[in-house]
Amino acid sequence: MDYAFLGVIAAVLLGSITSLWTARVQATHRLSLDSLWVLVQWYVTMMLGFAMIYMILQINGHQVFTPSPNSATGERLALLEDSLYLSGMTLLSVGYGDVTPIGIGRWIAIAEALLGYIMPAVIVTRTVFDWDHR
């Protein structure tokens, strides 16, 4: 059941990525608040989606990250907090602190970090292409 949920999460993440190419950009501005809002929504979706992937894998016995030393062992709320922290740190920065990816989690973190770095460029590129097209 949990692995089916991982498939749903992956589909939502893929849909979120592809939605950037189908979003409408206003013709009056090259970069607008609408573009910024789309980017913010994308980051929130990616952070929550990857956090759920980390959490589901961790619950099912796959060691994908080292929990923070001060979190209660086995508590779902602490696990959710660590998963969100790991996802946010991976997507929005370059460093890790007390929660680090291990095993297959390192490869998931690489994919998340790559998306975090290229998506602002995708938004700008999409906006410039739309502007030039008009």
Under the rule for side-chain contact (heavy atoms from CB on, under 4.5 Å), what residues qualify as partners of Q58, not counting sequence neighbours? Q63, V64, F65, P67, L79
Taking atom types as modelled, is there a side-chain donor on E112 or Y54 under 3.5 Å from an acceptor on the other? yes
How long is the gap from CD1 on I53 to CD1 on I104, to the nearest 0.5 Å? 11.5 Å
Within a strict 4.5 Å, meaning less than it, do heavy atoms of the M46 and F50 side chains meet? yes
Linking I/L/V/M/F/W/Y whenever any side-chain heavy atoms sit under 4.5 Å apart, do I108 and I102 land together? no
Got Y43 and P120 here, is their nearest side-chain heavy-atom distance under 4.5 Å? yes
How would you list all residue pairs meeting side chain to side chain donor-acceptor pair (under 3.5 Å) that involve residues 99-110, not counting sequence neighbours? T66-T100
Taking every non-hydrogen atom, the tightest pair across L91 and G116: CD1-CA, 3.5 Å
Is the shortest heavy-atom distance from the side chain of M55 to the side chain of D82 under 4.5 Å? no
Working to the nearest 0.5 Å, report the span between CD1 of I56 and OG of S83. 9.5 Å
One should read off an interatomic distance between E81 CD and R76 CZ, to the nearest 0.5 angstrom, of 15.5 Å
Return the OG1 to CG distance between T90 and L114, rounded to the nearest 0.5 Å. 12.5 Å
